[in-house]
Amino acid sequence: MTKHIFITGGVVSSLGKGITAASLALLLKRRGYRIAMQKLDPYLNVDPGTMSPFQHGEVFVTDDGAETDLDLGHYERFTDINCSHASNYTTGKIYSAVIARERAGGYLGKTVQVIPHITDEIKRAIQSAETDDVDIVLTEIGGTAGDIESLPFLEAVRQYILEAGVGNAIVIHLTLLPFIRAAGELKTKPSQQSVAVLRNIGLIPNILVCRTEIPMEEDHRRKLALFCNVSPDLVIEEKDVKHSIYEVPPELAEQELDTKVLDLLRLPVHRLDLSSWDDILDRVLHPDRSCRIALVGKYTSVRDAYKSVYEALEHAGIATRAHVIVDSIEAEELERSVERLKNADGILVPGGFGNRGVAGKIKAIRYARENNVPLLGICLGMQCIVIEFAQNVLGWQDADSAEFSSSTRHPVIDLMEEQRGLTQKGGTMRLGAYPCTLQKDAVCASLYNAETISERHRHRYEFNNLYRAELEKAGLFIGGTSPDRHLVEIVELHDRPFFVGCQFHPEFKSRPDRAHPLFRGLVDAALSNRQPED
Ligand code: GLN
């Protein structure tokens with residue numbers, strides 16, 4: 001029988017529920033259990049695909065083409081298990097399903113209500129993660145206990161636990177112990193109140209995980225246990241980590257969170273082997289060299305907007321035992337001066353939407369091309385490589401993407417045929433994993449050491465084949481295409497350290513112990529291109 005762990009959050013948002021859930025999943029996996037993870041998000045958007053990165057951070061894309069919450073990126077990176085459409089449900093997705101069923105007459109004349117119809121649909125969503133090859137499902141409930149929006153989800157969890165029976169489903173509540181500097185004290189009251197909110201709706205946390213800046217004392221543990229109705233040994237401390245989120249799993253293992261969970265779920269405790277994770281951590285904490293990568297983007301003020309890109313750069317650092325220092329630069333700043341690029345050993349232009357900052361990205365790419373600085377362009381970044389090349393090598397000054405100019409005579413990047421006339425925005429891009437055939441002479445073929453690869457996509461526009469022959473003749477090398485050769489997936493410039501653009505998003509497939517070949521390629525080239533420090 002599949003067991004369930006529900007992870008709720010209290011007091012404030014941004015406590016790192018996703019990282020805590022992913023860390024626990026890693027520990028359980030390393031103890032031999034087959035894990036599935038999912039996130040239930042209480043907002044009304046059907047998925048985060050239509051939300052601004054300023055609002056929501058990165059949209060993480062799964063192999064099967066779901067546009068999902070960035071916490072799924074943590075799940076995949078920590079557990080190395082691929083997520084799917086069944087891994088992320090929102091209020092919008094739940095209501096859409098219920099309303100569609102109502103319109104189809106599926107409720108046979110009944111009044112459709114939050115309880116039981118919405119909660120039943122939520123329970124179906126939870127159940128969808130329960131397959132024959134899964135022992136434990138971890139379900140993270142987005143939002144904070146007490147939010148109006150999350151009530152139906154918490155009610156569904158209450159029902160689920162009741163139906164599953166004792167020992168088959170538990171709740172872990174992640175909460176904050178604020179440190180009041182003036183009093184020099186950690187406070188437990190907000191946590192007591194957030195557990196009281198849960199108890200009001202019939203949910204009793206089995207374990208409390210307490211985020212804290214400074215170590216808890218025995219007295220805090222006793223107080224929390226008494227007021228929150230958990231035994232003191234089930235009050236777990238999760239201190240702020242010093243250097244890297246990869247420190248969280250060993251810290252939680254030290255406090256035996258995983259074995260306590262297994263005891264509550266009445267599952268045998270097998271041996272834990274964290275040796276390969278310890279090696280990752282050792283490499284993160286003790287690099288023996290460094291390089292600087294300039295990340296030229298449009299949402300650089302929000303670190304979460306490029307979450308997987310930062311992580312993939314860190315993985316490349318792990319692989320090379322290097323500290324990869326990322327200099328986030330607002331692309332618009334480069335429209336005035338490219339001075340800040342002078343310190344960069346390598347440049348990365350990530351994906352994006354809309355015209356703002358594109359001129360700065362093109363300037364960064366020109367700088368990289370003319371100064372032999374290693375460059376990786378991802379999605380919009382690759383499209384900008386093509387535009388820059390057309391403008392400055394072929395001299396087509398008005399070359400542009402049809403996304404930014406409807407009047408250009410050289411739309412070197414254009415809308416895909418099937419996108420023309422589409423009015424619906426959500427879920428209509430080229431999404432998810434597609435195969436790509438690599439050219440024998442491509443730099444990428446040697447980096448991947450493969451002939452065919454599969455990478456995840458999220459875009460509407462493509463390289464325009466009308467200009468392919470002329471661009472190739474001028475020296476733009478097509479390193480990879482769709483198997484039918486129709487869609488350009490990779491462009492490269494040769495005779496230089498590293499100059500690659502890819503139409504897909506390699507960052508989603510990078511793992512701490514398996515750096516993505518393109519990020520590894522960029523960082524290797526950057527390490528060989530160290531600039532003198534200012
Ligand atoms: N805006 C571009 C497109 O839709 C690139 C998208 C991206 O970078 N993810 O094709």
Side-chain angles (χ1 to χ4, degrees), residues 19 57-58 70 73-74 76-78 241-248 277-297 299-331 334 340-351 361 364-365 367-368 371-379 381 443-444 447-448 496-502 505-534:
I19 290 170
E58 156 187 290
L70 58 80
H74 294 306
E76 289 206 359
R77 287 186 285 270
F78 276 62
V241 286
K242 286 201 191 67
H243 305 283
S244 161
I245 52 170
Y246 299 130
E247 292 172 61
V248 177
W277 197 265
D278 291 339
D279 178 50
I280 291 171
L281 204 50
D282 182 56
R283 286 163 170 270
V284 172
L285 301 181
H286 308 290
D288 50 25
R289 50 204 176 138
S290 68
C291 64
R292 301 188 89 87
I293 301 290
L295 186 128
V296 180
Y299 319 105
T300 50
S301 56
V302 189
R303 212 186 137 88
D304 275 355
Y306 300 112
K307 190 93 215 166
S308 296
V309 171
Y310 280 106
E311 292 290 317
L313 285 169
E314 179 157 3
H315 302 162
I318 291 170
T320 51
R321 228 181 226 286
H323 179 207
V324 179
I325 303 156
V326 182
D327 189 14
S328 302
I329 305 176
E330 266 298 312
L334 300 180
R340 263 184 78 185
L341 294 176
K342 299 242 157 74
N343 288 328
D345 306 316
I347 298 175
L348 193 153
V349 182
K361 291 176 186 175
I365 291 164
Y367 177 89
N371 295 283
N372 269 331
V373 181
L375 172 87
L376 176 60
I378 295 175
C379 208
V443 170
C444 290
L447 291 172
Y448 278 95
R496 55 186 70 237
F498 181 91
F499 200 99
V500 174
C502 53
H505 288 272
E507 67 271 28
F508 297 140
K509 290 187 72 171
S510 185
R511 302 285 177 265
D513 58 348
R514 225 172 37 252
H516 191 283
L518 296 186
F519 282 86
R520 170 84 199 249
L522 174 70
V523 166
D524 270 332
L527 285 166
S528 317
N529 179 45
R530 289 284 311 279
Q531 302 298 307
E533 299 283 334
D534 276 347

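Basis for what follows: all heavy atoms, side chains included, without hydrogens, waters or symmetry-related copies.
Using a 4.5 Å cut-off on side-chain heavy atoms (C-beta onward), Leu522 and Leu348 make contact. Contact check for Tyr310 versus Arg303: side-chain heavy atoms found under the 4.5 Å cut-off. Taking 4.5 Å as the limit, every side-chain heavy atom of Asp513 sits out of range of all side-chain heavy atoms of Ile318. Put simply, the side chain of Ile245 reaches to within 4.5 Å of the side chain of His74, judged on heavy atoms. Taking the side chain as every heavy atom from C-beta outward, Tyr246 and Pro512 approach each other to under 4.5 Å. Using a 4.5 Å heavy-atom cutoff, the side chains of Ile293 and Ile325 are not in contact. The shortest side-chain heavy-atom distance between Arg514 and Arg520 does not fall under the 4.5 Å cut-off. In this structure the side chain of Val500 never reaches within 4.5 angstrom of the side chain of Leu375, judged on heavy atoms.
Once rounded to the nearest 0.5 Å, the distance linking CG of Leu447 with CZ of Phe519 reads 12.5 Å. To the nearest 0.5 angstrom, Ser244 atom OG is 4.5 Å from Glu314 atom CD. Here CZ of Phe78 is found 5.5 Å from CD1 of Ile19. Values are rounded to the nearest 0.5 Å. Note that the OH atom of Tyr306 and the CD atom of Glu311 stand 16.0 Å from one another [nearest 0.5 Å]. Between atom CD1 of residue Ile347 and atom NZ of residue Lys361 there is a gap of 13.5 Å, rounded to the nearest 0.5 Å. Within the model, atoms CD of Glu507 and SG of Cys502 stand 8.0 Å from one another, a figure rounded to the nearest 0.5 Å.
Residues Ala364 and Leu334 share a closest heavy-atom pair of CB-CD1, 3.8 Å. In terms of heavy-atom proximity, Ala526 sits nearest to Pro374 at N-CG, 4.0 Å. The two atoms that bring Val309 and Glu58 nearest to each other are N-OE1, 4.3 Å, heavy atoms only.
A donor atom on one side chain and an acceptor atom on the other are found under 3.5 Å apart for Arg77 and Ser308.
Ionic pairing of Glu76 and Lys509 is not present here: no N-O contact between side-chain nitrogen and carboxylate oxygen is shorter than 4.0 angstrom. Between Arg321 and Asp282 there is a salt bridge, since a side-chain N of the basic residue sits under 4.0 Å from a carboxylate O of the acidic one.
For Phe508, the ring pair (Phe, Tyr, Trp, His ring centres under 6.0 Å) partners are Phe60, His505, not counting sequence neighbours.
A donor-acceptor pair under 3.5 Å is formed between the side chain of Ser528 and the backbone N or O of Asp524. Within the 3.5 Å criterion, the main-chain N or O of Asp345 finds a donor-acceptor partner in the side chain of Asn529. Side chain of Glu247 to backbone of His243: a donor-acceptor contact under 3.5 angstrom is found. No side-chain donor-acceptor contact under 3.5 Å links Arg530 to the backbone of Arg292.
Test Ile329, Val373, Asn371 against Leu341 for side-chain contact (heavy atoms from CB on, under 4.5 Å) and you get one pass: Ile329.
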For the pair Thr300 and Leu295, evaluate side chain to side chain contact (heavy atoms under 4.5 Å, CB included) and give the outcome as yes or no after the intermediate values. CA-CA 8 Å; Thr300 50; Leu295 186 128; 4.2 Å; yes
Does the side chain to side chain contact (heavy atoms under 4.5 Å, CB included) test come out yes or no for Arg289 and Thr320, once each step is laid out? CA-CA 9 Å; Arg289 50 204 176 138; Thr320 51; 3.8 Å; yes
In sequence, state the C-alpha distance, the side-chain angles, and the governing distance for Leu313 and Val523, and then conclude on side chain to side chain contact (heavy atoms under 4.5 Å, CB included). CA-CA 8 Å; Leu313 285 169; Val523 166; 4.2 Å; yes
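Note: His516 and Tyr448 meet the aromatic proximity criterion, with ring centroids under 6.0 Å apart.
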